Amino acid sequence: MQSCEIAIVGSGFAGSLLARVLAVLGYDVVLLERGTHPRFAIGESSTPLANLSLERIGIRYGLSDCYQLATHGRWLAHFPELRRGLKRGFTFYRHHPGQAFENRGLDSERLLVAASPHDALSDTHWLRADVDHHFVRQAVAAGVDYRDRVDLTSADVASDSVVLRGSRDGVAFELRANFLIDASGPNGFLARQLSIPSGLESTETRSALVFSHFDGVRLMKDVVPGMPDGPYPDDWAAVHHIIDEGWMYSLRFDHGVTSAGFLLTTRGTAALNSRYGGDAAALWDALLQRYPTVASAFGNATPLMPIAFSPMIQHRLTRAAGERWALMPHAYAFVDPLFSTGIAWSLRAVERLALAFESAAPAGRVPDPGMLRRYDSALAAEADQIDLVVAGAYEAMAHFDLFAAQAMLYFAAVSFAEASQRLAPDESVAWKGFLGVGDQVLEPLPRESLRRLRDITQRQGKPGSAVEREGFGEWIARAIAPRNIAGLAEPMRRNLYPVDFDALIDQHQLLGMSRAQLLEALPRLRGTAPEPRIDERAREFQIGA
């Protein structure tokens, strides 16, 4: 029987990057993959919090490519062969059936929130086939034993080890590991082997997905010319088209390909699916026909693979870790891509598990049970928080004013976290709660917001009255005020939010900094601070020291 210290199932970016970090830490790691690379994957949109995790991982473990891939400018300079897209922020439009999007100038149903001050510091859309393959190659170069075309059949989890059984190219094998990490995906290998119960019934969000990659998608600036300038070009962002049935994402890569998909609510799915019987291409065409402006952008686009349909994308388990095993976030829970939380949450988990193994006792070289319980409880609380934020946003789609206000919850949480992490770096940041978890101001807001929205919409998509909508927006502004360092929820902005350093300086006290301290630290946000020196050699760690 073969043996290793750590076995990781699944070689997407999170599994491959964690395997590589653990190899740098001196662990004997086997990375197991059912398929081969390069391969198609969706989940392509990074965020500033994702970039911060990549930078921290790169600096701490001497992985310079992680640091270089954390901004669009550095990516282009160092890895131009890895395809990606420029993402300056989040763009939202509200469409209505049978009507072209109405350009009413600054009164349009349009929301733009910048995530970076200029292109060089921008986030990116990851072409996952390229990026995942890159991280696999780097893991192999770091000494990870990578095995693809593996069919795993069983896992026996004991108090002292895990024994995996399966085959590779038809040849049976057994592998004993001290610890097993599942980085696969929904209904993954370990969930089935351990019969981990589902926790989906306790969650709020439900959506179906019809999607593909496309060539020949037109820019919104050409489809709806003459819109007022925003803080960045509308199309170079995570573009969201909100419709009666849910919403559509459109992520443009620099080489012209666009990743796009419709997320459909239960109501929207029932009405459409009963008519088209799960025919993904017919469903796609029907949605385009209902929304003329979206059809103008996508009507002549060519799908680069068959349009696919998933009747429900949500999943949730009741446990994320045990004595000899752990699940990465995507294997544990997934909510919805509405606010691009996937990559950032996965990279935060890479940081946490790396730190857990970094501090493991020399005798067993596995994480302390208390650390694993902490990991388990963190993922549970964060999955709940993501679910509540997204469920509120779906409820708020009943009227664009409600949605624009609800979105401020997300942007207040992430902008405050990003500024805090950049301006006052903290060794413990990886364990701080994601999306406001653990923050006495932010953590309660999504649940209360969902309650208020359901009072307005009556859970039937009703838009409420003008007074109710105005009252909800005013409540949001008051609720986020103690963490609003970005000038959000300000009517004078007309739903166009740049990266505003003046607003940040004015709100210095919210970050626990004096004005002078913030001004001194500001180059870290502007991208003018000197780049850190990253030691390419494997850093020498004293495991358990």
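Scope of the values below: all heavy atoms of this structure, side chains included, with no hydrogens, waters or symmetry mates. Note that the structure is predicted; figures quoted are calculated from it, not measured.
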If you draw a 6.0 Å radius around [atom1] in [X], do more than 12 non-hydrogen atoms from other residues or ligands fall strictly inside?
X	atom1	value
Arg459	CZ	no
Gln99	CD	yes
Arg206	CZ	yes
Gln440	CD	no
Asn103	CG	yes

Over 60° means perpendicular and under 30° means parallel, so tell me whether [X] and [Y] are parallel, tilted or perpendicular.
X	Y	result
His240	Phe90	parallel
Phe214	Trp284	parallel
Phe434	Trp345	parallel
His241	His95	tilted

Pair [X] + [Y]: basic N to acidic O under 4.0 Å:
X	Y	value
Asp235	Arg218	no
Glu443	Lys432	no
Asp130	Arg83	yes
Glu55	Arg422	yes

Side chain to side chain contact (heavy atoms under 4.5 Å, CB included) between Ser207 and Ile313, worked out: CA-CA 6 Å; Ser207 55; Ile313 63 170; 3.6 Å; yes
Mind listing the closest non-hydrogen atom pair of [X] and [Y] along with its distance?
X	Y	result
Val389	Pro446	CG2-CG, 3.6 Å
Ala331	Asp182	CB-O, 3.7 Å
Gly473	Ala405	CA-CB, 4.0 Å
Pro303	Ser212	CB-OG, 4.0 Å
Gln385	Gly436	NE2-C, 4.2 Å
Leu379	Ala320	CD2-CB, 4.0 Å

Ring centroid separation Tyr232 to His118 under 6.0 Å: no
Aromatic ring proximity, centroids under 6.0 angstrom, Phe411 and Tyr497: no
Under 3.5 Å: donor-acceptor pair, side chain of [X], backbone of [Y]:
X	Y	result
Ser122	Lys87	yes
Arg192	Asn187	yes
Arg252	Ser259	no
Asn495	Leu111	no
His72	His125	no
Arg524	Leu423	yes
Arg128	Phe40	no

If you look only at pairs with a residue in [range], which of them pass as a salt bridge (Lys or Arg N to Asp or Glu O under 4.0 Å), with sequence neighbours excluded?
range	result
residues 297-313	none
residues 100-119	Arg88-Asp119, Glu102-Arg104, Asp107-Arg494, Arg110-Asp234
residues 386-415	Glu395-Arg454

Any side-chain donor near an acceptor of the partner, [X] and [Y], under 3.5 Å:
X	Y	answer
Glu468	His399	no
Tyr332	Arg316	yes
Thr265	Glu245	no
Thr205	Asp336	no

List the residues meeting side-chain contact (heavy atoms from CB on, under 4.5 Å) with [X], not counting sequence neighbours, and say none if there are none.
X	answer
Pro97	Asp244, Arg290, Tyr291
Ala398	Thr457
Ala50	Ser46, Thr47, Ile343, Ala344, Leu347
Ala321	Ala326, Leu372, Tyr375, Asp376

Candidate pair Ser45 and Tyr249, rule side chain to side chain contact (heavy atoms under 4.5 Å, CB included), full reasoning: CA-CA 10 Å; Ser45 191; Tyr249 65 83; over 6 Å; no
Chi angles and distances behind the side chain to side chain contact (heavy atoms under 4.5 Å, CB included) call for Thr91, Met220: CA-CA 11 Å; Thr91 297; Met220 280 295 288; over 6 Å; no
Validation: residues 478-485 side-chain donor-acceptor distances under 3.5 Å, sequence neighbours left out:
{"residue": "Arg483", "atom": "NE", "partner": "Asp439", "partner atom": "OD1", "Å": "3.4"}
{"residue": "Arg483", "atom": "NE", "partner": "Asp439", "partner atom": "OD2", "Å": "2.8"}
{"residue": "Arg483", "atom": "NH2", "partner": "Asp439", "partner atom": "OD1", "Å": "3.3"}
{"residue": "Asn484", "atom": "OD1", "partner": "Ala486", "partner atom": "N", "Å": "3.4"}
{"residue": "Asn484", "atom": "OD1", "partner": "Gly487", "partner atom": "N", "Å": "3.3"}
{"residue": "Asn484", "atom": "OD1", "partner": "Leu488", "partner atom": "N", "Å": "3.0"}
{"residue": "Asn484", "atom": "ND2", "partner": "Leu488", "partner atom": "O", "Å": "2.9"}

Stacked cation flag Arg84 on Trp126, 6.0 angstrom / 45 deg: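 No, Arg84 and Trp126 do not form such a contact.
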Non-neighbouring partners of Asp455 that pass salt bridge (charged side-chain N to carboxylate O under 4.0 Å, His left out), sequence neighbours left out: Arg451
Salt bridge (charged side-chain N to carboxylate O under 4.0 Å, His left out) partners for Arg56, two or more places apart: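 Arg56: salt bridge (charged side-chain N to carboxylate O under 4.0 Å, His left out) contacts with Glu351.
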Criterion side chain to side chain contact (heavy atoms under 4.5 Å, CB included) on Val390 and Ile386, from CA distance to verdict: CA-CA 6 Å; Val390 173; Ile386 296 168; 4.3 Å; yes
Residue pairs fulfilling side chain to side chain donor-acceptor pair (under 3.5 Å) with at least one residue in residues 402-414, sequence neighbours excluded: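 Residue pairs with at least one partner in residues 402-414: Gln406-Ser449.
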Residue pairs passing the side chain to side chain donor-acceptor pair (under 3.5 Å) test where at least one lies in residues 220-229, sequence neighbours excluded: none
Atom pair CG (Leu518) and CD (Gln507), whose distance is rounded to the nearest 0.5 Å: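 Nearest 0.5 Å value for the CG-CD distance: 10.5 Å.
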Inter-residue atom distance Asp132.CG - Leu17.CG, 0.5 Å rounding: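 The distance works out to 10.5 Å.
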